[in-house]
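Have a look at the structure below, then the notes.
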Amino acid sequence: KMATENCDAMNMDPDADLLSDEELEREAEGFKEQGNAFYIKKDYAEAFNYYTKAIDMCPKNASYYGNRAATLMMLCRYREALEDSQQAVRLDNTFVKGHLREGKCHLSLGNAMAANRCFQRVLELEPDNSQAQQEVKNTEAILEYERMAEIGFDKRDYRMVVFCMDRALDSAPACHKFKILKAECLALLGRYPEAQAVASDILRMDSTNADALYVRGLCLYYEDCIDKAVQFFVQALRMAPDHDKARLACRNAKALKAKKEEGNKAFKDGNFEAAYDLYSDALTIDPNNIKTNAKLYCNRATVGSKLNKLEQAIEDCTKAIKLDETYIKAYLRRAQCYMDTEQYEEAVRDYEKVYQTEHTKEHKHLLKNAQLELKKSKRKDYYKVLGVDKNATEDEIKKAYRKRALLHHPDRHSGASTEVQKEEEKKFKEVGEAFSVLSDPKKKSRYDSGQDLEDDGMNMGVCIFELLICFSLIFVSASGPGNFFFQFG
């Protein structure tokens with residue numbers, strides 16, 4: 001009798017006027033049974049069609065809406081399922097399955113508070129309903145994940161936010177808000193492909209979603225595709241003029257591009273001080289833009305090397321590499337600065353990293369050159385021993401040798417302590433070694449090119465040198481002990 005009363009013949013097609021209430025009810029029940037059969041077979045599309053036919057026959061039967069809601073949920077059409085489940089409980093407020101399905105839809109869409117109200121209503125009707133009890137726990141868990149994610153975002157702990165949103169999405173798979181927050185944090189973590197994939201999925205379902213447009217723009221912005229990023233930010237603002245994040249990101253993107261271009265122009269014009277300041281200003285605009293900031297640090301390092309701020313340039317390259325470990329240009333710039341400051345081990349390390357990544361002839365040459373300079377740096381620096389430049393002439397080398405030999409000759413330090421005498425004797429011999437190599441064109445050439453000098457040849461040179469010293473040294477006392485000079489034939 002109740003089913004007959006619930007049938008509304010006014011919504012039927014013209015032929016339905018010929019059917020009695022009992023016939024309408026039987027036909028609707030037949031459609032429902034067919035829908036059930038397709039539902040069991042997991043043919044949800046057909047089940048949906050038959051439940052719809054049942055509703056058309058009897059639009060005031062709560063169970064038909066409940067069944068169609070269940071089918072729509074299986075098809076992941078949660079918003080439509082929510083409408084059907086809400087209609088079901090409007091028709092019958094004691095319909096437990098209707099309240100459960102409404103709660104599940106709210107939960108799937110991320111509205112935990114609304115879901116909790118539905119499950120509490122089920123517990124009022126059936127206090128021992130185990131499904132409702134479990135779903136209440138799920139809603140409480142989601143609310144806790146939302147709370148933790150909010151704290152994590154404020155603390156810039158984006159990994160924590162992604163973790164919380166993943167857990168929340170287990171129970172709320174259709175929640176765009178959770179997906180967008182996850183995607184935004186993935187972008188902030190530099191995981192751009194993952195972030196783009198999430199945003200693109202949402203845009204396929206809703207091309208006007210301002211949050212998804214913003215995230216797409218954010219990914220492009222952080223990948224240094226600033227012009228394309230601005231287009232997405234502008235589109236997001238068209239859809240939602242009060243979208244504060246899109247407005248801020250758009251402003252930052254435009255400012256960053258302008259400041260970087262000003263710096264590039266100043267550098268090309270040779271105005272290095274201005275370029276350095278402009279790159280420094282650009283670095284303050286958005287600390288989250290990792291890729292662009294890495295380029296800015298490297299650009300500033302290039303300017304710094306022009307201004308002979310080599311240690312600062314090395315520091316800037318290190319910051320660039322910390323932001324982007326794959327940034328070859330920063331490794332090359334830092335390696336050159338290491339070479340210029342004679343930090344050859346560090347230069348070799350950087351050139352090795354580059355060559356492992358890009359096997360080019362140029363990089364191989366740079367690596368070999370750094371290795372050669374490192375090898376040379378570990379030998380005695382004969383130029384430093386004599387106190388001359390590497391481009392010193394033969395006369396300058398001979399003059400420097402005479403001066404250093406005189407300075408460290410043992411006779412000059414005969415009255416000093418034993419330790420001082422030994423140290424000066426050691427330096428005196430080093431001066432001899434340096435002169436024997438740098439005064440011989442062949443040895444000097446091998447030494448300058450980093451080749452190993454023949455031990456026998458070297459020893460012979462030292463011996464000859466010491467004999468020359470013995471036979472050519474004339475000690476002349478002018479006004480007292482310690483006055484002497486060398487005389488060479």
Side-chain angles (χ1 to χ4, degrees), residues 66 69-89 97-123 131-155 157-189 191 194-216 218 236 239-240 242-246:
T71 302
L72 287 165
M73 290 170 68
M74 299 306 296
L75 292 168
C76 297
R77 292 160 60 178
Y78 294 103
R79 294 192 183 281
E80 296 169 77
L82 178 61
E83 292 175 9
D84 272 358
S85 57
Q86 287 175 328
Q87 178 63 14
V89 297
K97 287 184 178 181
H99 287 295
L100 279 171
R101 286 167 186 159
E102 182 187 357
K104 285 290 290 181
C105 288
H106 280 306
L107 197 62
S108 296
L109 293 166
N111 192 342
M113 295 295 290
N116 192 57
R117 288 193 293 270
C118 295
F119 299 135
Q120 293 296 344
R121 174 57 180 158
V122 172
L123 291 174
Q131 185 179 354
Q133 291 170 350
Q134 180 57 49
E135 294 297 355
V136 167
K137 292 179 181 178
N138 291 340
T139 61
E140 291 172 350
I142 284 182
L143 290 170
E144 178 62 15
Y145 285 130
E146 285 188 84
R147 187 187 69 82
M148 291 170 61
E150 185 177 353
I151 293 171
F153 195 90
D154 289 341
K155 292 182 177 180
D157 188 353
Y158 302 124
R159 286 184 177 82
M160 172 59 77
V161 179
V162 171
F163 172 82
C164 289
M165 290 301 94
D166 278 337
R167 300 290 79 74
L169 285 165
D170 288 340
S171 297
C175 181
H176 285 181
K177 181 178 72 172
F178 295 168
K179 289 180 179 180
I180 288 294
L181 182 56
K182 174 185 174 179
E184 183 179 2
C185 289
L186 286 170
L188 292 168
L189 289 168
R191 294 160 62 179
E194 295 173 74
Q196 291 233 37
V198 175
S200 296
D201 284 344
I202 293 173
L203 288 171
R204 273 193 288 272
M205 293 181 281
D206 178 10
S207 62
T208 64
N209 189 295
D211 291 324
L213 290 167
Y214 158 71
V215 170
R216 281 293 307 276
L218 197 65
M239 299 299 110
D242 59 346
H243 200 295
D244 292 335
K245 288 184 177 180

Under 3.5 Å, which donor-acceptor pairs link side chains of residues 174-182 to any protein atom two or more places apart or in another chain?
from   : atom 1 : to     : atom 2 : distance (Å)
Lys177 : NZ     : Glu146 : OE1    : 3.1
Lys179 : NZ     : Pro173 : O      : 3.2
Lys182 : NZ     : Asp166 : OD1    : 2.7

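Atom-to-atom distance recorded for Leu169:CG and Ser108:OG is 10.5 Å, nearest 0.5 angstrom. In this structure, the separation between SG on Cys105 and CZ on Arg77 is 12.0 Å, given to the nearest 0.5 Å. One distance of note links CD1 of Ile142 with CG of Asp170; it measures 9.0 Å at 0.5 Å rounding.
Residues Cys185 and Met165 fail the side-chain proximity criterion, which asks for heavy atoms closer than 4.5 Å. Residues Lys155 and Ile151 meet the side-chain proximity criterion, which asks for heavy atoms closer than 4.5 Å. Here the side chains of Arg159 and Val161 are not in contact, with every heavy-atom distance at 4.5 Å or above. You'll find the side chain of Leu72 stays beyond 4.5 Å of the side chain of Tyr78, heavy atoms only.
In this structure, Ser85 contributes its side chain and Leu82 its backbone to a donor-acceptor pair below 3.5 Å.
A salt bridge (Lys or Arg N to Asp or Glu O under 4.0 Å) check over residues 101-117, counting only residues at least two apart or in different chains, returns the pairs Lys104-Glu135.
Heavy-atom minimum distance, Ala236 versus Tyr214: CB-N, 4.0 Å. The shortest heavy-atom contact between Ala115 and Gly103 is CB-O, 3.3 Å. Here the closest heavy-atom approach between residue Val89 and residue Gly98 is recorded as CG1-C, 3.4 Å. Scanning all heavy atoms of the two residues, the minimum distance from Leu107 to Ala112 falls at CD1-CA, 4.4 Å.
Between Arg147 and Glu150, none of the side-chain N atoms (NZ, or NE/NH1/NH2) sits under 4.0 Å from a carboxylate O, so this pair counts as no salt bridge.
A cation-pi arrangement, defined by a distance under 6.0 Å to the six-membered ring centre and an angle within 45 degrees of its axis, is present between Arg167 and Phe163.
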Where do Glu184 and Tyr158 land on the side-chain hydrogen bond (donor to acceptor under 3.5 Å, both in side chains) test, with the steps shown first? CA-CA 9 Å; Glu184 183 179 2; Tyr158 302 124; over 6 Å; no

When you look at Glu140 and Lys137, which way does the salt bridge (charged side-chain N to carboxylate O under 4.0 Å, His left out) test go after all the steps? CA-CA 5 Å; Glu140 291 172 350; Lys137 292 179 181 178; over 6 Å; no

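For Met113, the CE atom is loosely surrounded, since the number of other residues' heavy atoms within 6.0 Å does not exceed 12. The neighbour count for Met160 CE, taken as heavy atoms of other residues, nucleotides or ligands under 6.0 Å away, does not exceed 12.
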